[in-house]
Undergrad: 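After the structure tokens below, expect a handful of questions from me.
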Amino acid sequence: MDEFPVATSPAPGVMAVDWENRVDFERLRRYRLDRVQQMLAAHDLGAVLLFETSNIRYATATQIGYWAFNKGERWALVTREGRPRVWDFGSAAKAHRLQLPHMYDTTNSIGGNTGLQGAIGPETGLHDRAVREIKAALEDDGVGDERLGVDLAETGVFLALQSAGLRVVDGQQAMMRAREIKSVDELTLLTQAAAMVDGVYQDIFEMLKPGIRESDVVGMAHQRLFGMGSEFVEAINSIAGERCSPHPHVFSDRIIRPGDQAYFDIIHVFNGYRTCYYRTFVVGRATQAQRDAFARSREWMDAAIALVKPGATTDQIARVWPKAEEFGFADEMDAFGLQFGHGVGVGLHERPIISRLNSLDTPVEIKEGMFFALETYAPAADGHSAARIEEELIVTSDGCKVVTLFPCEELMVANEY
């Protein structure tokens, strides 16, 4: 991995300039493709066939906007050597040849169609055509008889691949392994994305007062993020008052009232890289029950962060969090996602995934260059309030560096009376 400074987490301006080293996008493209091809060898795959949007972005450096998010209408093929191939939605294939001429031409960026998720019936032969082209590309690269890893394919396409005699196996694990160690350019983009959310939380803190709806906060956050350069806002959780416990994972039009606890999660994408970033506030005045819930959530967070370093394992982190039964849930499946850690990158949930559900029995080693979020949740004794905290961090050579910087050491009261 490229050397990354421990003492700082740079978030330079987002424009390209001649007077400062910022993100090197050509280096980023090479790094990601190299990682995928390394994992092909490690997983004994001749190639990976990719339909999942984040995987395609990672391996090919192409995208056509988030209207195409995981519709399966574009796909990519990466073999052990050479350039990736992209089959894209109509004219987008020609656009890639114009946008990245050193990577794409008429041999590896072409139109493709598998039927628009069944809207064009299989009798047209689109599945069979796609499979013939994929098989020909594999044979051209000398890997036609080797194992083909597929990430997430439409059922009709998957069956057509098998019918053509291709040795189809799971390719998602190879892609998850490729994506788990971030380069210096990826870490910079992730930090820039977090810096945008820092600013949005300042706006939310100033905005929160009685009469504001949860949905009003969502609308403001979208506007601010797009104004700062976000390419996609995947979700804004906006939860307040009696909706805090249990966590509903969806905003509403509820009007915020004096004394409400309120928490938010901002998930957006900057240059392909995501955030997942919770903060909790209270509006006007805070009760002791609300302050106690926040203190517990912060204590569990700090205990987890203290364990993050290369060579540690995810079960060690999961053990410092309370069992599901200790905060009001039936079991770990019932409480999944509340005391939680997950890698963040071109996808929202990457390796490592940290929770009592999976980590105690199948721990994963923490490595330098990982970037992940840690989330904690504490319901309040009043029966309806709750605190939710999330920090994103970079694993460094001797520990970690937190990049989510909006204050979260104690419960902040917005527009205090």
Undergrad: Counting only heavy atoms not in F336, do more than 12 fall under 6.0 Å of its CZ?
TA: yes
Undergrad: Using modelled atom types only, decide if a donor and an acceptor are shared between the side chain of S385 and the backbone of Q290 within a distance under 3.5 Å.
TA: no
Undergrad: Tell me if a side-chain donor or acceptor on S230 pairs with a main-chain N or O of L225 at a distance below 3.5 Å.
TA: no
Undergrad: Do any N or O atoms from the side chain of E368 and from the backbone of V395 form a donor-acceptor pair under 3.5 angstrom?
TA: no
Undergrad: Could you check whether Y273 and E186, counting side-chain N and O atoms only, form a donor-acceptor pair closer than 3.5 Å?
TA: yes
Undergrad: Take atom CD in E81; do more than 12 heavy atoms of anything else shown fall under 6.0 Å from it?
TA: no
Undergrad: Quick one: does F372's side chain get under 4.5 Å of I353's, heavy atoms only?
TA: no
Undergrad: Do I212 and V217 have side chains that get closer than 4.5 Å, going by heavy atoms?
TA: yes
Undergrad: Starting from the C-alpha separation in whole Å, work towards a yes-or-no answer on side chain to side chain contact (heavy atoms under 4.5 Å, CB included) for V197 and T404.
TA: CA-CA 8 Å; V197 181; T404 40; over 6 Å; no
Undergrad: Can you confirm if the NZ or CZ of R32 lies within 45° of the ring axis of Y58 and under 6.0 Å from the centre of its six-membered ring?
TA: yes
Undergrad: Taking the side chain as everything from C-beta on, heavy atoms only, tell me whether F340 gets closer than 4.5 Å to H342.
TA: yes
Undergrad: Would you indicate whether the side-chain heavy atoms of K323 and E332 approach each other to under 4.5 Å?
TA: yes
Undergrad: Atom CG in L208, atom CG in D260: separation rounded to 0.5 Å?
TA: 9.5 Å
Undergrad: Between the main-chain N or O of F264 and the side-chain N or O of Y201, is there a donor-acceptor pair closer than 3.5 Å?
TA: yes
Undergrad: Side chains of E133 and W87: is there a donor and an acceptor less than 3.5 Å apart?
TA: yes
Undergrad: State whether the side chain of N108 and the backbone N or O of P84 hold a donor-acceptor pair below 3.5 Å, judged by distance alone.
TA: yes
Undergrad: Counting N and O atoms only, with roles assigned by atom type, does the side chain of T188 sit under 3.5 Å from a partner on the main chain of V23, one being a donor and the other an acceptor?
TA: no
Undergrad: Could you tell me which non-hydrogen atom of L33 sits nearest to which non-hydrogen atom of G82, and how far apart they are?
TA: CD2-O, 4.0 Å
Undergrad: Taking everything shown except I255 itself, do over 12 heavy atoms lie less than 6.0 Å from its CD1?
TA: no
Undergrad: Between L393 and C400, what is the shortest heavy-atom contact and its length?
TA: CD1-CB, 4.0 Å
Undergrad: Looking only at heavy atoms, what is the nearest atom pair of W75 and I134, with distance?
TA: NE1-CD1, 3.7 Å
Undergrad: Working note: F406 + F205, criterion side chain to side chain contact (heavy atoms under 4.5 Å, CB included); need CA distance, chi angles, decisive distance, verdict.
TA: CA-CA 10 Å; F406 193 83; F205 180 68; 4.2 Å; yes
Undergrad: So, taking the atom named CD in E392 and the one named SG in C276, what distance separates them when rounded to the nearest 0.5 Å?
TA: 7.0 Å
Undergrad: Heavy atoms, side chains only, cut-off 4.5 Å: are V200 and I236 in contact?
TA: no
Undergrad: Got a salt bridge between D105 and R83, using NZ or NE/NH1/NH2 to carboxylate O under 4.0 Å?
TA: yes
Undergrad: So, do L348 and I267 sit near enough that their side-chain heavy atoms are less than 4.5 Å apart?
TA: yes
Undergrad: Would you tell me whether D292 and Q288 have side-chain atoms, one donor and one acceptor, within less than 3.5 Å of each other?
TA: yes
Undergrad: To the nearest 0.5 Å, how far apart are CD1 in I317 and CG in L374?
TA: 6.0 Å
Undergrad: Between R22 and E20, does at least one N-O distance fall below 4.0 Å, as a salt bridge requires?
TA: yes
Undergrad: Answer yes or no: is there a donor N or O on one side and an acceptor on the other, between the side chain of D88 and the main chain of S109, under 3.5 Å?
TA: no
Undergrad: Show your working on salt bridge (Lys or Arg N to Asp or Glu O under 4.0 Å) between R274 and E231 and close with a plain yes or no.
TA: CA-CA 10 Å; R274 281 165 167 73; E231 67 187 48; over 6 Å; no
Undergrad: Apply side chain to side chain contact (heavy atoms under 4.5 Å, CB included) to the pair H222 and F226, showing each step before the final yes or no.
TA: CA-CA 6 Å; H222 274 74; F226 284 126; 4.1 Å; yes
Undergrad: As an exercise, state the distance from CG of L357 to CG of D334, rounded to the nearest 0.5 Å.
TA: 11.0 Å
Undergrad: For a quick test of reading the model, state the closest non-hydrogen atom pair linking M196 to F270 and the distance between them.
TA: CE-CD1, 3.2 Å
Undergrad: How close do G72 and F51 get, heavy atom to heavy atom, and via which atoms?
TA: O-CD2, 4.1 Å
Undergrad: Side-chain donor-acceptor pair under 3.5 Å between H102 and E26, yes or no?
TA: yes
Undergrad: For the atom pair CD1 (I110) and CZ (R85), what is the distance rounded to the nearest 0.5 Å?
TA: 9.0 Å
Undergrad: Quick one: sort the F69 and F232 rings into parallel, tilted or perpendicular, breaks at 30° and 60°.
TA: tilted
Undergrad: Less than 4.0 angstrom from a charged side-chain N to a carboxylate O is my criterion; do R243 and E214 meet it?
TA: yes
Undergrad: Taking the side chain as everything from C-beta on, heavy atoms only, tell me whether Q261 gets closer than 4.5 Å to Y263.
TA: no
Undergrad: Evaluate side-chain hydrogen bond (donor to acceptor under 3.5 Å, both in side chains) for N55 paired with Q172, printing each intermediate quantity in order.
TA: CA-CA 9 Å; N55 282 336; Q172 184 68 355; 3.0 Å; yes
Undergrad: Salt bridge or not for R254 and D216, using N-O below 4.0 Å?
TA: no
Undergrad: Below 4.0 angstrom, N of the basic side chain to O of the carboxylate: do D185 and R27 qualify?
TA: yes
Undergrad: Using a strict threshold of under 4.0 Å (side-chain N to carboxylate O), is an ion pair present between K182 and E350?
TA: yes
Undergrad: Between E180 and K367, does any side-chain N to carboxylate O distance fall below 4.0 Å?
TA: yes
Undergrad: Taking all heavy atoms of A194 and all of T275, pick out the closest pair and write down the distance.
TA: N-CG2, 3.7 Å
Undergrad: Any salt bridge between E416 and R285, counting N to O under 4.0 Å?
TA: no
Undergrad: Is the side chain of R388 donor-acceptor paired with the backbone N or O of L338 at a distance under 3.5 Å, no angle test?
TA: yes
Undergrad: Hey, what do you get for CE (M370) to CD1 (I366), rounding to the nearest 0.5 Å?
TA: 7.0 Å
Undergrad: Can you confirm whether L190 sits close enough to F371 that some side-chain heavy atom of one is under 4.5 Å from a side-chain heavy atom of the other?
TA: yes
Undergrad: State yes or no: are the ring centers of H247 and Y278 separated by less than 6.0 Å?
TA: yes
Undergrad: State, without any angle test, whether T62 and R74 hold a side-chain donor-acceptor pair at a distance under 3.5 Å.
TA: yes
Undergrad: Has R97 got more than 12 heavy atoms of other residues, nucleotides or ligands less than 6.0 Å from its CZ?
TA: yes
Undergrad: For salt bridge (Lys or Arg N to Asp or Glu O under 4.0 Å), just list the numbers for R213 and D253, CA-CA rounded to whole Å, side-chain angles, deciding distance to a tenth of an Å, and then say yes or no.
TA: CA-CA 5 Å; R213 297 172 300 172; D253 60 348; 5.6 Å; no
Undergrad: Would R291 and T287 count as a side chain to side chain contact (heavy atoms under 4.5 Å, CB included) if you check the C-alpha gap in whole Å, the side-chain angles of each, and the deciding distance to 0.1 Å?
TA: CA-CA 6 Å; R291 294 186 187 279; T287 66; over 6 Å; no
Undergrad: For R279, is there an ion pair with E391 - N to carboxylate O distance below 4.0 angstrom?
TA: yes
Undergrad: D315 side chain to S359 main-chain N or O, any donor-acceptor pair under 3.5 Å?
TA: no
Undergrad: Does this structure show an ion pair linking E52 with R179, if we count only N-O contacts that are shorter than 4.0 Å?
TA: yes
Undergrad: Within the side chain of Q162, is there an N or O that forms a donor-acceptor pair under 3.5 Å with the backbone of V168?
TA: no
